[in-house]
Every structure is written in C-alpha cells, then in structure tokens.
Amino acid sequence: MRVESKLEISAPPALVWEYVSDPSRYLHFMSGITRWEVVGTKRVGLGARYRMLLRVGSAEVGGLIEVVEWVPNRELAWTSITGIDQRGRWRLRERPREDGTVCTWVELRLTAGVAGSGLFGWLAEQFAAPTVRGHLRRSLQQLKRQVEHEELRARAAARRRARAAASS
C-alpha cells in the first residue's frame with residue numbers, strides 16, 4: 001500500500017520543519033498515531049529511532065523505525081527496523097508568493113505492507129489504505145492549523161515589538 005497527502009502551509013519551511021522534525025510534537029498533530037517515542041540516545045537526525053504505532057481500524061500497527069534521510073527544512077524519511085514493513089517521507093518545498101511572502105508545499109507519504117503475506121496481506125492492505133490515507137490528510141490539516149497559528153503569533157509579536165521600538 002502506498003498513500004500520500006499534500007497541502008500548502010502559509011509559513012516558511014523552517015517553521016514547518018520545527019514540527020515535523022521534533023518527535024515530541026507528533027502526538028499533537030499526527031492523526032491515528034497512538035505512540036511515537038524516542039528509542040535510544042539519539043533524539044533527532046539521521047539514525048534516530050522511534051517506536052511508532054498507528055491505529056488502523058481496531059488494530060495498532062507499526063514497530064521500530066529509523067530515520068534514513070535528514071535534509072533540514074526539506075526531507076525526512078524513515079524505514080522500519082521491526083514490525084510492519086514501512087517507509088515514510090516528509091517533503092517540504094518552499095514556494096514564493098506574488099505578495100513576497102513564502103509558503104511551504106508539504107507532502108507526507110507512507111508505504112507499508114506485510115511482506116510475504118500473499119493474497120490475504122494484499123487484501124488487508126486494500127482494506128487499510130482508505131483509513132491510512134484519511135489519517136495522512138487529517139495529519140497535514142492539523143499540522144497546517146498549528147504551524148499557521150504559530151506563524152500568526154510570531155508576526156503579531158514582531159508588530160508589537162516594532163510599535164514599541166517606534167514609540168520609544
């Protein structure tokens with residue numbers, strides 16, 4: 001099964017990266033994720049490992065995953081070490097707007113399957129795909145809401161500082 005979701009976030013890639021690269025934030029915006037915890041001493045970056053579980057119907061699937069690509073503000077990819085065979089990827093791309101502001105095109109992809117499971121594994125993947133696709137879509141919508149809220153707060157704080165400096 002391969003599912004993906006994409007959307008545009010009205011914030012620069014660096015701010016979006018703060019969210020997708022921080023494992024402590026995943027439970028706050030990732031739909032369906034019931035566990036995302038650091039395993040080992042490396043918390044972030046290439047080689048970091050996480051115990052990850054995703055609810056699909058009444059089951060929780062996942063396992064131990066490891067970050068295999070890490071390009072700040074651009075790419076984060078993982079693959080499974082144990083548990084269900086999976087690969088995931090965050091892709092962030094900066095998009096300038098006509099008004100001079102910058103937004104970020106965000107893509108989240110997940111490929112998963114039960115290796116060597118034959119017809120029943122294929123059927124399970126077909127059954128799970130719509131649920132997982134919905135989780136990815138909701139995850140990106142929640143990420144967008146949180147990041148854009150933070151971006152608005154930062155802009156408001158900058159305006160307050162500028163007004164205070166001008167009045168001094």
Side-chain angles (χ1 to χ4, degrees), residues 1-56 61-112 131-162:
M1 154 186 62
R2 179 183 169 151
V3 293
E4 65 180 50
S5 190
K6 306 171 185 179
L7 65 68
E8 182 179 278
I9 296 179
S10 297
L15 182 56
V16 178
W17 182 258
E18 284 181 32
Y19 282 77
V20 301
S21 66
D22 182 354
S24 69
R25 294 184 180 201
Y26 271 57
L27 292 176
H28 299 287
F29 72 86
M30 290 292 289
S31 173
I33 297 288
T34 60
R35 176 171 292 178
W36 192 283
E37 61 189 20
V38 176
V39 175
T41 56
K42 187 161 190 168
R43 192 175 162 280
V44 296
L46 199 59
R49 290 185 172 194
Y50 309 106
R51 172 97 169 117
M52 171 271 191
L53 293 175
L54 173 70
R55 182 169 301 283
V56 180
V61 297
L64 181 64
I65 60 173
E66 181 175 324
V67 175
V68 293
E69 283 187 49
W70 180 273
V71 181
N73 302 328
R74 204 156 168 84
E75 301 268 344
L76 187 156
W78 68 87
T79 191
S80 58
I81 303 297
T82 64
I84 190 167
D85 183 34
Q86 66 165 302
R87 291 178 308 284
R89 175 177 300 277
W90 286 101
R91 294 185 74 214
L92 311 179
R93 297 296 182 260
E94 182 176 299
R95 295 233 171 124
R97 291 185 170 158
E98 291 179 13
D99 65 0
T101 61
V102 172
C103 66
T104 305
W105 185 249
V106 181
E107 179 180 340
L108 176 57
R109 285 188 290 191
L110 184 66
T111 305
T131 300
V132 174
R133 188 174 296 110
H135 283 318
L136 296 187
R137 187 179 61 254
R138 283 186 299 279
S139 294
L140 287 180
Q141 290 166 345
Q142 291 171 179
L143 175 66
K144 176 181 176 71
R145 197 167 27 258
Q146 288 183 19
V147 170
E148 288 180 354
H149 177 74
E150 184 61 32
E151 177 72 2
L152 289 173
R153 286 176 38 129
R155 287 182 189 170
R159 285 192 302 272
R160 283 192 302 274
R161 284 192 302 273

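On a predicted model such as this, the values are computed, not experimentally measured, just so you know.
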Do Ser21 and Asn73 have side chains that get closer than 4.5 Å, going by heavy atoms? no

Pairwise side-chain contact, Leu53 with Arg51, heavy-atom cut-off 4.5 Å (strictly under): yes

When you look at Val20 and Tyr26, which way does the side-chain contact (heavy atoms from CB on, under 4.5 Å) test go after all the steps? CA-CA 7 Å; Val20 301; Tyr26 271 57; 4.2 Å; yes

To the nearest 0.5 Å, what is the distance between CG on Leu7 and CG on Leu136? 11.0 Å

Looking only at heavy atoms, which two atoms of Gly63 and Gln86 are closest? And how far apart? N-NE2, 4.5 Å

Would Leu143 and Trp90 count as a side-chain contact (heavy atoms from CB on, under 4.5 Å) if you check the C-alpha gap in whole Å, the side-chain angles of each, and the deciding distance to 0.1 Å? CA-CA 12 Å; Leu143 175 66; Trp90 286 101; 3.8 Å; yes

Distance check, rounded to the nearest 0.5 Å: Thr79 atom OG1 versus Glu69 atom CD? 10.5 Å

Are the side chain of Ser5 and the backbone N or O of Leu108 linked by a donor-acceptor pair below 3.5 Å? no

Could you check if a side-chain atom of Glu18 sits within less than 4.5 angstrom of a side-chain atom of Glu150, using non-hydrogen atoms only? no

Heavy-atom closest pair, residues Glu94 and Val102: CG-CG1, 3.2 Å

Got Glu151 and Pro12 here, is their nearest side-chain heavy-atom distance under 4.5 Å? yes

Given side-chain contact (heavy atoms from CB on, under 4.5 Å), test Val56 with Val132 step by step and report yes or no. CA-CA 7 Å; Val56 180; Val132 174; 3.9 Å; yes

Measure the shortest side-chain to side-chain distance between Asp22 and Arg43 over non-hydrogen atoms and say whether it is less than 4.5 angstrom. yes

Which value, rounded to the nearest 0.5 Å, describes the distance between Ile9 atom CD1 and Leu140 atom CG? 6.5 Å

Can you sort out the partners of Arg97 under side-chain hydrogen bond (donor to acceptor under 3.5 Å, both in side chains), two or more places apart, ordered by chain and number? Glu8, Ser10

Which residues share a salt bridge (charged side-chain N to carboxylate O under 4.0 Å, His left out) with Lys6, sequence neighbours left out: Glu4

Could you tell me which non-hydrogen atom of Ser31 sits nearest to which non-hydrogen atom of Ser139, and how far apart they are? N-OG, 2.8 Å

Set of ring-ring contact (aromatic ring centres under 6.0 Å, His included) partners for Trp70, sequence neighbours left out: Trp17

Glu107: partners by salt bridge (charged side-chain N to carboxylate O under 4.0 Å, His left out), with sequence neighbours left out: Arg91, Arg109

List the atom of Thr104, the atom of Pro13, and the distance in Å for their closest heavy-atom pair. OG1-N, 2.9 Å

Nearest 0.5 Å, please: how far is CD1 in Ile65 from CZ in Arg87? 13.0 Å

Residues passing the side-chain hydrogen bond (donor to acceptor under 3.5 Å, both in side chains) test with Arg93, sequence neighbours excluded, are Glu75

Sort out for me which residue in Ile81, Val67, Thr41 forms a side chain to side chain contact (heavy atoms under 4.5 Å, CB included) with Arg49. Ile81

Checking His135 side chain against Arg55 main chain: does a donor-acceptor pair fall under 3.5 Å? yes

Side chains of residues 32-39: which donor-acceptor partners sit under 3.5 Å, not counting sequence neighbours?
unit_1: Thr34; atom_1: OG1; unit_2: Glu60; atom_2: OE2; d: 2.7

Would the distance check show the side chain of Gln142 and the main-chain N or O of Phe29 forming a donor-acceptor pair, the cut-off being under 3.5 Å? yes

